[in-house]
2 protein chains.
Amino acid sequence: MTPTRIKLDRGRGALGPALELVHTGRAPTRAVLTTELGVTRATAGAVATELQALGLITVDPRPHAASGAQGRPSHRLDIAADGPVVLAVQVHADGYRVALVGLGGRIVATAPACMTVDADPARIIGDAVAAGAELLAATGRRCLGAGLAVPSAVAEPEGTALNPLHVAWPAGARVHDIFRDCLAAAGIGVPGRCGNDVNLAALAEHRHGAGQGSQHLLCVATGHRGVGGALVLDGRLHTGSAGLALEVGHLIVDPAGRACHCGARGCLDVETDPLALLETAGVTPDPALSPLDQARALLGEGHPAEPGTRQAVEQLVDRLGQGLATMVNVLNPDRIILGGLHQSLLAAAPERLRSVVADRSLWGRSGSVPILPCSLGHNSLVGAAELAWQPVLDDPATALAVR
Amino acid sequence: MTPTRIKLDRGRGALGPALELVHTGRAPTRAVLTTELGVTRATAGAVATELQALGLITVDPRPHAASGAQGRPSHRLDIAADGPVVLAVQVHADGYRVALVGLGGRIVATAPACMTVDADPARIIGDAVAAGAELLAATGRRCLGAGLAVPSAVAEPEGTALNPLHVAWPAGARVHDIFRDCLAAAGIGVPGRCGNDVNLAALAEHRHGAGQGSQHLLCVATGHRGVGGALVLDGRLHTGSAGLALEVGHLIVDPAGRACHCGARGCLDVETDPLALLETAGVTPDPALSPLDQARALLGEGHPAEPGTRQAVEQLVDRLGQGLATMVNVLNPDRIILGGLHQSLLAAAPERLRSVVADRSLWGRSGSVPILPCSLGHNSLVGAAELAWQPVLDDPATALAVR
DNA sequence: CGGATTTGTTTCACGGCTGCACAAAGTGAG
DNA sequence: CTCACTTTGTGCAGCCGTGAAACAAATCCG
């Protein structure tokens with residue numbers, strides 16, 4: 001009988017930012033949400049109510065515990081335990097991984113890891129998406145999007161994989177179209193988005209891992225072969241004008257170094273990847289094993305005892321430091337996160353790496369940037385989910401309303 | 001007698017974007033403003049009226065001429081001829097320049113160029129600001145801000161000049177504080193902002209010159225000594241987390257090259273600046289003259305005839321191309337603008353430079369980025385003005401209301 | 001001169017937000 | 001235990017910016 005019933009549609013503009021705050025764990029309570037959003041309590045209340053009505057979060061009036069602070073305890077904001085999910089797929093050199101990921105980067109369900117390689121990307125991606133469809137059917141969760149991480153540069157806006165060497169795909173494979181077709185074939189009526197695995201790992205680390213709070217996050221990681229880089233600026237991936245930025249593998253880090261297929265000598269790629277460590281340490285790589293695993297085995301727990309290995313590590317650390325310093329001079333990040341073998345090199349000789357970066361970068365200040373290891377288990381997978389969540393984070397009401 | 005009189009304060013939110021469109025010449029008429037803003041004609045009309053009321057633009061009902069198009073001609077939008085200005089100061093190796101700059105990057109008044117150098121930045125900046133105060137008094141224009149361009153990296157947020165070598169200032173000079181104090185001493189009650197000259201030149205080129213429309217603009221330029229870089233992302237300067245990004249002078253472009261004071265060999269700085277050209281061409285530089293002028297004189301009009309010079313030019317072009325390719329791989333810009341000697345090198349051997357960049361960058365596509373020369377006369381000076389205009393462009397109503 | 005077309009103007013409505021007043025829920029001192 | 005105090009949630013009035021729609025104005029074209 002009340003004249004104005006649905007007047008609760010307040011707070012549409014702040015919905016996206018609010019959801020992002022909860023998603024990244026920066027708004028555990030409604031009071032924090034209010035201050036972080038910079039709005040009034042009334043607005044924050046309307047926004048929280050709306051997000052709860054959308055089934056994305058829960059608002060719990062009971063406080064977290066004895067907060068210890070004075071005043072009325074604030075309502076807790078949690079991600080809805082039975083809320084919607086997105087489908088995340090990561091293709092890597094040895095196979096693929098599939099998972100359903102909820103808000104907050106939480107992996108809700110995982111398919112058994114598959115260790116299959118196939119020169120036809122449609123087969124691999126099709127299998128992965130089919131596994132995802134099974135997961136969705138088994139869990140009964142609503143799916144809002146899908147993301148795919150591939151170990152290759154992905155050109156935008158076409159969505160083609162330019163150098164999918166690790167997975168033996170043809171260069172220029174139209175992974176975006178393939179992914180979309182596979183989703184349609186599996187009956188998952190959501191849009192799919194693709195990205196480079198290191199880029200997506202950086203995004204995941206920024207949202208949920210060691211990159212939280214960084215404004216200019218640089219991420220560098222080795223896969224089995226070669227080096228990838230990524231930059232997250234103000235919370236958004238910077239992929240350049242055509243998706244090809246942060247191709248840092250061919251920065252020259254040792255003028256007298258190995259010859260690279262690119263024509264130059266001493267590229268970061270050939271000087272600091274797993275094969276480089278094996279070769280420098282005088283170990284013949286076993287082609288049946290992953291170079292990354294072999295290199296990590298060589299490093300062992302902490303500092304390797306063997307002098308030859310130790311010297312090889314120091315050489316790689318120096319080369320990596322030179323490369324990072326160059327990136328610091330160009331990009332001036334406020335934090336650096338290392339993954340893959342680079343993460344292990346950091347663990348093996350943290351002080352040496354930091355001092356090389358500081359010495360080789362122009363300003364002591366920019367060179368003293370913190371260098372941290374990755375902190376998430378499956379950061380590329382979670383990053384693929386972030387890609388899928390993005391439309392929801394940008395405009396929750398519209399993204400939830402479409403179907 | 002009308003009940004609602006001052007109801008014209010509509011359109012505050014779109015005010016900034018609208019002014020920016022007029023400022024950059026992208027909204028010559030009200031109809032274009034409407035489509036560019038993506039709002040209704042009513043909103044665009046209110047916005048235009050408001051900007052006119054603020055004295056920033058004029059709305060002329062008479063069309064530009066015989067437009068040739070059908071329908072009612074749209075009202076012209078012009079920058080107010082007697083509108084407010086900002087004070088722009090550029091300090092360079094030989095002295096300083098002072099100007100009053102209106103919207104649209106138009107230089108309204110200029111003080112006579114001063115050719116004085118002084119190891120005390122406060123003296124130089126003080127003289128320049130005093131000259132600016134005279135200009136303001138003589139023209140009677142309202143001043144809304146002040147910008148200063150210096151030939152040095154400027155650390156943010158402190159505003160210290162880290163390497164003001166060209167001007168013989170002490171490293172770490174607090175140019176921001178000095179500028180602010182000088183403005184106060186001269187009775188110009190506006191905030192001052194400082195920036196690196198190449199950064200500001202890039203900003204000016206993006207707003208009013210060869211960089212218009214670019215989303216990822218890379219700018220590289222030589223001064224008298226050394227190389228500077230700048231990146232304009234989506235219309236905003238990217239200066240990194242501490243203002244120190246795009247320090248591209250020490251990218252390694254020739255492993256067998258000259259020793260650099262940074263400790264490495266073959267840095268872009270020592271391989272492609274004016275002194276490098278003179279040295280490579282076998283010319284002894286005259287310390288009394290500017291190295292840039294001497295290098296340009298060597299190049300002459302177009303292609304130099306002398307074989308030794310020609311060879312030197314090709315070597316520098318190759319080195320520059322290697323450096324640009326490295327930046328392309330890291331930043332993936334959609335356009336490159338060259339200034340200083342690099343601009344002259346581009347003019348002397350455009351095809352060679354473009355092919356080197358394409359060959360040395362990883363993807364043919366990203367390597368085929370357009371490379372253009374600077375197109376503005378005093379781009380650092382205009383860029384300093386852009387810095388000062390920024391608060392007005394962000395929120396015209398507030399910026400105009402303060403005094 | 002009269003459609004056709006495009007643009008400027010007026011009016012109305014509405015959605016998102018702020019500001020304010022008040023209620024609710026805790027802490028801490030006596 | 002009670003009462004001040006602090007902090008947070010909620011309801012209500014109102015403002016401000018924008019969109020939608022109808023109308024008026026200005027030019028081209030036949």
Side-chain angles (χ1 to χ4, degrees), chain A residues 2-18 27-53 57-77 395-398 401, chain B residues 2-18 27-53 57-77 395-398 401:
Chain A
T2 44
T4 58
R5 230 185 66 252
I6 307 185
K7 267 288 181 182
L8 304 179
D9 25 343
R10 295 192 289 180
R12 264 267 296 275
L15 260 187
T29 69
R30 246 192 61 172
V32 176
L33 180 67
T34 303
T35 58
E36 288 290 311
L37 280 180
V39 297
T40 59
R41 290 198 300 272
T43 303
V47 165
T49 306
E50 176 92 15
L51 287 178
Q52 191 175 27
I57 70 170
T58 59
V59 181
D60 187 350
R62 297 169 313 173
H64 184 63
S67 61
Q70 234 184 95
R72 173 177 176 174
S74 186
H75 295 183
R76 282 183 56 193
L77 302 179
D395 187 350
T398 309
Chain B
T2 44
T4 57
R5 230 183 67 250
I6 307 185
K7 267 288 183 183
L8 303 179
D9 24 342
R10 296 192 290 180
R12 264 267 296 275
L15 217 54
T29 69
R30 243 191 63 170
V32 176
L33 179 68
T34 303
T35 59
E36 289 290 312
L37 279 179
V39 297
T40 59
R41 293 199 297 274
T43 303
V47 166
T49 306
E50 175 93 14
L51 287 177
Q52 191 176 27
I57 70 171
T58 60
V59 181
D60 187 350
R62 296 169 312 172
H64 184 63
S67 61
Q70 233 186 101
R72 173 177 175 174
S74 186
H75 294 184
R76 282 184 55 195
L77 302 179
D395 188 350
T398 309

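By convention in this document, chain letters (A, B, ...) are assigned in the order of the sequence lines, proteins followed by strands, and residues within each chain are numbered from 1. The basis for the numbers below is simple: all heavy atoms, side chains too, and nothing from hydrogens, waters or symmetry mates.
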Asker: First locate atom CZ of A:Arg30, then atom CG of A:Asp60, and finally report the distance between them rounded to the nearest 0.5 Å.
Answerer: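 Reported to 0.5 Å precision, the distance equals 13.0 Å.
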Asker: Can you tell me how far P of C:dT7 sits from CZ of B:Arg76, to the nearest Å?
Answerer: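 Computing the B:Arg76:CZ to C:dT7:P distance gives 16 Å.
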Asker: Please name all residues satisfying side chain to side chain donor-acceptor pair (under 3.5 Å) with A:Thr35, sequence neighbours left out, ordered by chain then number.
Answerer: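 Per chain and number, A:Thr35 pairs via side chain to side chain donor-acceptor pair (under 3.5 Å) with no residue.
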Asker: Any side-chain N or O of B:Ser74 less than 4.0 Å from the OP1 or OP2 oxygen of C:dG8?
Answerer: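 Looking at the OP1 and OP2 atoms of C:dG8, one of them is under 4.0 Å from a side-chain N or O of B:Ser74.
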Asker: Find the distance B:Leu51:CG to D:dG17:P and express it as a whole number of Å.
Answerer: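 One finds 13 Å between P of D:dG17 and CG of B:Leu51, rounded.
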Asker: Give a yes/no on whether any side-chain N or O of B:Thr43 is located under 4.0 angstrom from OP1 or OP2 of D:dG19.
Answerer: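 Affirmative; the distance criterion is met.
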Asker: With the side chain counted from C-beta on, respond yes when B:Leu51 and B:Leu15 share a heavy-atom pair under 4.5 Å apart, and no when they do not.
Answerer: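 Result yes, sub-4.5 Å side-chain heavy-atom pair found.
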Asker: Quick one: A:Leu37 CG to C:dG16 C1', roughly how many Å, whole number?
Answerer: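 Value for this atom pair: 14 Å.
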Asker: Tell me, do B:Leu77 and B:Val59 make a side-chain contact under 4.5 Å, heavy atoms counted?
Answerer: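 Contact flag for B:Leu77/B:Val59 side chains = yes.
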Asker: What's the CG-C1' distance between B:Leu77 and C:dT7, to the nearest Å?
Answerer: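 Distance, rounded to whole Å: 13 Å.
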Asker: Just compare C:dG19, D:dG9, C:dG8 and give me whichever is closest to any side-chain atom of B:His75.
Answerer: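 The answer is C:dG8.
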Asker: Minimum heavy-atom separation for B:Ala31 and B:Ser74, please, with both atom names.
Answerer: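 Answer, listing the atom of B:Ala31 first, then B:Ser74: N-OG, 2.9 Å.
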Asker: Counting side-chain heavy atoms from CB outward, which of D:dG19, C:dT18, D:dG9 is closest to B:Thr40?
Answerer: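 Shortest atom-to-atom distance from the side chain points to D:dG19.
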Asker: Rounded to the nearest angstrom, tell me the gap between atom CG in A:Leu33 and atom C1' in C:dC17.
Answerer: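 Whole-Å distance recorded here is 15 Å.
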Asker: Any side-chain N or O of A:Arg30 less than 4.0 Å from the OP1 or OP2 oxygen of D:dT10?
Answerer: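 Yes, within the criterion.
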Asker: Tell me: CZ of B:Arg41 to P of C:dT5, nearest whole Å?
Answerer: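 It works out to 15 Å between those atoms.
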Asker: How far apart are the closest heavy atoms of B:Val32 and B:Ala27, and which atoms are they?
Answerer: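 Smallest interatomic distance, heavy atoms only, reads CG1-CA, 4.1 Å.
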Asker: Given atom CG of B:Leu15 and atom C1' of D:dC16, what is their separation to the nearest angstrom?
Answerer: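 From B:Leu15 CG to D:dC16 C1': 13 Å.
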Asker: What is the distance, to the nearest angstrom, from the CD atom on A:Gln52 to the C1' atom on D:dG9?
Answerer: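 The distance from CD of A:Gln52 to C1' of D:dG9 comes to 14 Å, rounded to the nearest Å.
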Asker: Can you tabulate the close N/O pairs, meaning under 3.5 Å, that link protein atoms to atoms of nucleotides 4-7 of chain D?
Answerer:
| residue | atom | partner | partner atom | Å |
| --- | --- | --- | --- | --- |
| D:dT6 | O4' | A:Gln70 | OE1 | 3.1 |
| D:dT7 | O2 | A:Arg72 | N | 2.9 |

Asker: Of A:Val39, A:Val47, A:Leu37, which is the lone residue that meets side-chain contact (heavy atoms from CB on, under 4.5 Å) with A:Pro17?
Answerer: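 Option passing the side-chain contact (heavy atoms from CB on, under 4.5 Å) with A:Pro17: A:Leu37.
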